[in-house]
Peer 1: 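Sharing a structure below in structure tokens format, with a few things to ask.
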Amino acid sequence: MAQAQKITPRAKDFSEWYGDVIAQAQLADYSPVRGCMVIRPHGYRIWELMQRALDDMFRASGHRNAYFPLFIPMSFLAREAEHVEGFAKEVALVTHTRLRATGKEGKDAIEVDPSSALEEPLVVRPTSETIIYAMFAKWIQSYRDLPLKLNQWANVVRWELRTRLFLRTTEFLWQEGHTAHTDEADAESEARLILEIYRDFAETWMAMPVITGVKTESEKFAGALRTYAIEALMQDNKALQAGTSHNLGQNFAKAFTVQYQTAAGGLEYVWNTSWGVSTRLVGGLIMTHSDDNGLVAPPKLAPVQVAIVPIWKTDQEKQQVSSVGSQVQADLEKAGLRVEHDLRDTMKPGAKYFEWEALGVPVRLEIGPRDVASGQAVLARRGGGKGPVSLHGVAASVTKALDEIQAALFAAARERREQNSIRGVTKAQFIEFIKRPGGFAYGGFCGSPSCEAEIKQQTNATIRVLPDPEFRSKEAPRNCMWCGAPSVAEAVWALAY
RNA sequence: CGGGGUGUGGCGCAGUCCGGUAGCGCGCCUGGUUUGGGACCAGGAGGUCGCGGGUUCGAAUCCCGCCGCCCCGACCA
């Protein structure tokens, strides 16, 4: 499918640029239902690659997959007070189970059958804590049943007013892990372990640097004791919460009576954790690396890692270069790479280059008659740079190039984040910084929710996390950057998605 | 919910003020010539002009009502 539609430059309108990249890279499209999106094959492939990597990590750390139902009794949601308050305003409900024919024409041909009303409406899961812990209550009897560490890949629905492709849609795909433990320390180390897995995934696979830390009371998950998060900085200097891990304490255990008998014969409530990442990660990937030519995908998650573009004039040349191209493709695939050999003859090579670039392919191999004659191909990198490579050992050189690209993307993203971070901010600096370049602002925080709220109200900035030691400034801030009271923790503020 | 805008082939738009039965670019299809950074020529396909009603010999165009979508605010995270 050839196309020459232009991408709005990032610098001109970031939001339009984002949408254009998604359209040009054929990642997703709008659905007829407001706020919902269709994930197209190229976009879904990225998600599948993410899923595979994460799933392997979960499995390696002792988690097993299961599947819990889409529908949850409405009363379940109400059992945990904070939880219900957090989701009440955005749940979709099933209230009826039948339609009936009216005998009329067109849109009026069917209507809801009033006699099919459910006694208790069903909630379409916005998250599954309630249904899962109701089941845990049945399965957990003894300390010998613990820890119980499950994960599920599922879709969830949150009725959002403002939606954006991948970042916030009415329905989205995610994984949600749910675990039960004998004590707080075990639950805590689980929540931290998962946070570390998320961080590793973001950095190693997505080439997206993140800072880790804990959320403040006002930003934590409804119903959790503590929420940990990884936060990334997008190219427009807005923060993206890319993954969360919650220590749920015993809140849900008490609400759903999830108890176990101790070795000593006592009866205790379990300690739970829950954690998730979603298709929002795809949005994060796009906004971290892509440019005005389209998607830039890190090699490890690129649906197509290598595009081979043959160049020919005569039929004889075509036969020659495509035969060499096929051999190269076989070599690369044997090395485990994802390769497309672009033999379309309706398009000139240049048009193919632009198309593969928009799709985010990290490496392109151009093979023309002159290359065949000299036993080489031209290797072009998505980020720029072109040069000949020998066809002998081409798989090794391509693999090396992909590794270099993966590393370079991460280094560049981390460099950009540091360039757009300010430490030890004063109130005056903060107000200017958030307004103009934007980015991560590190400063002292007094811990007062009212101070936090005032900052948000006046600047729109929120505390993304109270960073973990590794990310804290060398010198701990003494005073709250806003009110001047003694600081209880360093905080990172930013405008956020 | 309040304010503003907009709805015309797949996409982007013109035509609306001054009613006469729909046009342009891109894309798509066919054939030919092309092919080392977005090819060219020729010939085609494709539209109940958001929906309903009204005025008129005649409505994309004028009038009334409704609906969708977008932006800002509110709300939310």
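Worth knowing before you read on, the calculation uses all heavy atoms, side chains too, and leaves out hydrogens, waters and symmetry mates. A, B, ... follow the sequence lines: proteins, then strands. Residue 1 opens every chain.
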Peer 1: Taking donor-acceptor contacts at under 3.5 Å, does the side chain of E357(A) reach the base of rG38(B)?
Peer 2: no

Peer 1: Give the nucleotide from the list rC76(B), rG37(B), rA39(B) with an atom nearest to the side chain of K89(A).
Peer 2: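 Of the candidates, rC76(B) comes closest.
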
Peer 1: Regarding R364(A) and the six-membered ring of Y353(A), is the cationic atom NZ or CZ under 6.0 Å from the ring centre and inside 45° of its axis?
Peer 2: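 Output yes; distance and angle both within limits.
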
Peer 1: Which value, in whole Å, describes the distance between the C1' atoms of nucleotides rG46(B) and rU30(B)?
Peer 2: 15 Å

Peer 1: Kindly state whether the pair F354(A) / rG38(B) counts as stacked, where counting means centroids closer than 5.5 Å and planes tilted less than 30° apart.
Peer 2: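 Yes.
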
Peer 1: Roughly how far apart, to the nearest Å, are rA14(B) and rG5(B) at atom P?
Peer 2: 16 Å

Peer 1: Any idea which heavy atoms bring P362(A) and Q305(A) closest together, and the distance?
Peer 2: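 Closest heavy-atom pair between P362(A) and Q305(A): CD-O, 3.4 Å.
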
Peer 1: Got a donor-acceptor pair under 3.5 Å from the side chain of K352(A) to the base of rG36(B)?
Peer 2: no

Peer 1: Dot-bracket, RNA chain B: Watson-Crick or G-U, under 3.5 angstrom, [ ] crossing, | other strand?
Peer 2: ((((((((.[[[[.)....(..]]]].((((((.....)))))).....[[[[[..)....]]]]])))))))....

Peer 1: Judged by each residue's nearest nucleotide on RNA chain B, which is more toward the 5′ side, K386(A) or E85(A)?
Peer 2: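 Nearer the 5' end of the strand: K386(A).
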
Peer 1: Taking atom C1' in both rU56(B) and rU21(B), compute the distance separating them and give it to the nearest angstrom.
Peer 2: 14 Å

Peer 1: Collect all protein-nucleotide pairs involving nucleotides 68-71 of chain B in which both atoms are nitrogen or oxygen and the distance is under 3.5 Å.
Peer 2:
{"residue": "rC70(B)", "atom": "OP2", "partner": "R34(A)", "partner atom": "NH1", "Å": "3.0"}

Peer 1: How is K215(A) classified with respect to the nucleic acid when contacts are heavy atoms under 4.0 Å: base, sugar-phosphate, or nothing?
Peer 2: nothing

Peer 1: Nearest whole Å is fine: how far is rU35(B) C1' from R370(A) CZ?
Peer 2: 13 Å

Peer 1: Suppose you measure atom C1' in rG31(B) against the same atom in rC69(B); what distance do you get, rounded to whole Å?
Peer 2: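 Looking at atom C1' only, rG31(B) and rC69(B) are 41 Å apart.
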
Peer 1: Here's a test for you: under side-chain contact (heavy atoms from CB on, under 4.5 Å), which of T459(A), N237(A), N460(A) qualifies with L495(A)?
Peer 2: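 Only match with L495(A) under side-chain contact (heavy atoms from CB on, under 4.5 Å): N460(A).
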
Peer 1: For rG37(B), take OP1 and OP2 only and decide whether either is under 4.0 Å from a side-chain N or O of K348(A).
Peer 2: no

Peer 1: For the pair E357(A) and R382(A), find out whether any cationic side-chain nitrogen is under 4.0 Å from an anionic carboxylate oxygen.
Peer 2: no

Peer 1: Checking R192(A) against Y228(A): charged group under 6.0 Å from the ring centre and within 45 degrees of the axis?
Peer 2: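 Yes; both conditions hold, so R192(A) lies above the ring face of Y228(A).
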
Peer 1: Atom CD1 of I463(A) and atom P of rA77(B): how far apart are they, to the nearest Å?
Peer 2: 17 Å

Peer 1: Go through residues 305-324 of chain A and report each residue with a non-hydrogen atom lying under 4.0 Å from RNA chain B, sorted by number.
Peer 2: I311(A), W312(A), K313(A)

